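These notes are about the structure you will find just below.
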Amino acid sequence: MPPRLLGPSEIRALAAELDVRPTKTLGQNFVHDANTVRRIVASSRVDSDDVVLEVGPGLGSLTLALLGTAGRVVAVEIDPKLATRLPQTVAEYAPDEADFLDVVTADALAVEPEDLPVAPTALVANLPYNVAVPVLLNLMARFPTLHTALVMVQAEVADRLAATPGGRIYGVPSVKARYYGDVTRAGSIGKHVFWPEPKIESGLVRIERTDRFGTDPEHRRRTFAAIDAAFAQRRKTMRSALASWAGSPARAEELLRAADIDPQIRGERLAVDDFVRLADVAASADPADILEP
Ligand code: SAM
């Protein structure tokens, strides 16, 4: 039997039973629309071979839909009240799927592979909005087994994540997300499907992991340091924005030229490949070869 999904009256009843007062701090906006969760699951393209990591299952709206499609769901929820109720909700609404759910009460920003009972293959989540980008990027870094991610975030964050070089909204999240793979917008979600209703529209973003720069954490750290430095002063040219990262404007210029990047360009025009090249050049350069004493 396919899972029954939660509509407005079920969400109201569950919230009343648990005496839930949704907090902004935890980004608690619960979806009460079955079509929306079906759409998210369809966009995620997960199948019965997937172990889905769901961050912030809340009252279980998306969890129930995921259990109908994925092989297994591991749900990480920070709010103990919600985490404790979830297995019961699944037993009531999707009894055939109850054995395929694990709930871990934890902060998704701190969760490590050893905290989960099984390695997840796909991240699917309606993310808490105020920590959406760090949660997404941290999980892609810590869980190399995630081959795909489909997340719902604020529309403007979705735009920023999927932005390509050159635009005003292109920035650190856009470049870092592309370090892991291909990033695309996967649709928009209106405000009315949530309780309580947020002030802003939401959007879906998809990352298809390619790992084309490898999985070495040290390589990632170096590359991300160059990205952070370039965008910390995004109105400046790369030569001056990277001065303290490199040691001096002159050294920044040398490294940029060695990486085949125009020192007068701004970071917002560079693709992730450029930052990878720059960080690689900086890592292999002997400072003595570059700086005149
Ligand atoms: N998935 C549910 C839905 O679609 O109705 C709820 C989504 S709601 C936007 C975000 C959920 O994330 C809430 O249940 C909240 O308690 C939880 N949450 C907030 N911060 C978290 C964190 N750092 N780690 C894990 N869960 C978190």
Side-chain angles (χ1 to χ4, degrees), residues 3-15 18-44 46 52-68 70 73-87 89-90 93-94 101-112 115-116 120 122-139 142-143 149-155 157-158 187 189-205:
R4 280 194 297 138
L5 300 178
L6 305 179
S9 55
E10 288 84 2
I11 290 286
R12 251 197 320 273
L14 274 169
L18 291 175
D19 193 21
V20 170
R21 277 155 228 194
T23 75
K24 274 211 173 111
T25 331
L26 291 180
Q28 291 177 327
N29 300 91
F30 304 108
V31 174
H32 58 58
D33 178 59
N35 281 334
T36 301
V37 293
R38 280 193 205 103
R39 223 180 106 200
I40 296 173
V41 174
S43 306
S44 76
V46 298
V52 169
L53 170 57
E54 185 193 0
V55 169
L59 294 168
S61 311
L62 180 57
T63 322
L64 287 166
L66 284 167
L67 281 166
V73 175
V74 181
V76 174
E77 171 60 61
I78 200 169
D79 185 331
K81 212 195 251 185
L82 298 174
T84 307
R85 180 59 163 87
L86 188 59
T89 304
V90 169
Y93 285 83
L101 170 74
D102 295 286
V103 182
V104 176
T105 309
D107 179 349
L109 280 170
V111 81
E112 301 280 353
D115 300 324
L116 305 189
L123 170 69
V124 185
N126 171 12
L127 288 176
Y129 287 176
N130 41 0
V131 288
V133 169
V135 165
L136 175 64
L137 297 178
N138 273 324
L139 293 176
R142 289 203 196 121
F143 291 85
L150 188 281
V151 292
M152 173 146 80
V153 295
Q154 286 179 22
V157 175
I189 308 271
K191 309 173 205 172
H192 308 307
V193 302
F194 296 97
W195 174 79
E197 219 175 89
K199 289 204 174 63
I200 24 198
E201 307 286 319
S202 300
L204 300 176
V205 180

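Ligands are counted one by one from 1 in listed order, and the atoms in each one are counted from 1 as well. Model, not experiment: these values are computed from the prediction.
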Students should be able to answer this: which protein heavy-atom is nearest to [atom], and at what distance?
atom                    : value
atom 19 (C) of ligand 1 : Leu26 O, 3.1 Å
atom 17 (C) of ligand 1 : Glu77 OE2, 3.3 Å
atom 26 (N) of ligand 1 : Ile78 N, 3.3 Å
atom 3 (C) of ligand 1  : Asn126 ND2, 3.6 Å
atom 20 (N) of ligand 1 : Pro128 CG, 3.5 Å
atom 5 (O) of ligand 1  : Val31 N, 2.8 Å

### Task
May I ask you to decide if the ring planes of Trp195 and Phe30 are parallel, tilted or perpendicular, using 30° and 60° as cut-offs?
parallel

Any heavy atom of Leu59 under 4.0 Å from ligand 1? The part involved is neither

Using a strict 4.0 Å cut-off to heavy atoms of [X], name the atoms of ligand 1 that fall inside it.
X      : answer
Glu54  : 1 (N)
Asp107 : 22 (C), 23 (N), 24 (N)
Ala108 : 22 (C), 23 (N), 24 (N), 25 (C)
Gln28  : 13 (C), 15 (C), 16 (O)
Gly58  : 6 (C), 14 (O)
Asn29  : 7 (C), 8 (S), 9 (C)
Val76  : 25 (C), 26 (N)
Ala106 : 24 (N), 25 (C)

Looking only at heavy atoms, the pair that brings Pro87 and Ala83 closest together is CD-O, 3.3 Å

Correct closest heavy-atom pair for His32 and His192 would be CE1-O, 3.3 Å

Just how far is it from atom [atom1] of [X] to atom [atom2] of [Y], taken to the nearest 0.5 Å?
X      : Y      : atom1 : atom2 : value
Leu123 : Phe143 : CG    : CZ    : 9.5 Å
Ile78  : Asp107 : CD1   : CG    : 4.0 Å
Phe194 : Asp33  : CZ    : CG    : 10.0 Å
Thr105 : Leu86  : OG1   : CG    : 9.5 Å

The side-chain contact (heavy atoms from CB on, under 4.5 Å) partner of Ile40 among Val151, Leu62, Asn35 is Leu62

Looking at Ala125, Gly27, Ser202, the heavy atom closest to atom 8 (S) of ligand 1 belongs to Gly27

Among Gly56, Pro134, Pro57, closest by heavy atom to atom 12 (O) of ligand 1 is Gly56

Kindly say whether Pro134 contributes a backbone atom to a donor-acceptor pair with the side chain of Asn138 at under 3.5 angstrom? yes

message: Closer than 3.5 angstrom, by distance alone: can the side chain of Glu77 be matched with the main-chain N or O of Gly58 as a donor-acceptor pair?
response: yes

- Message: Is it the case that over 12 heavy atoms from other parts of the model lie below 6.0 angstrom from the NZ atom of Lys24?
- Response: no

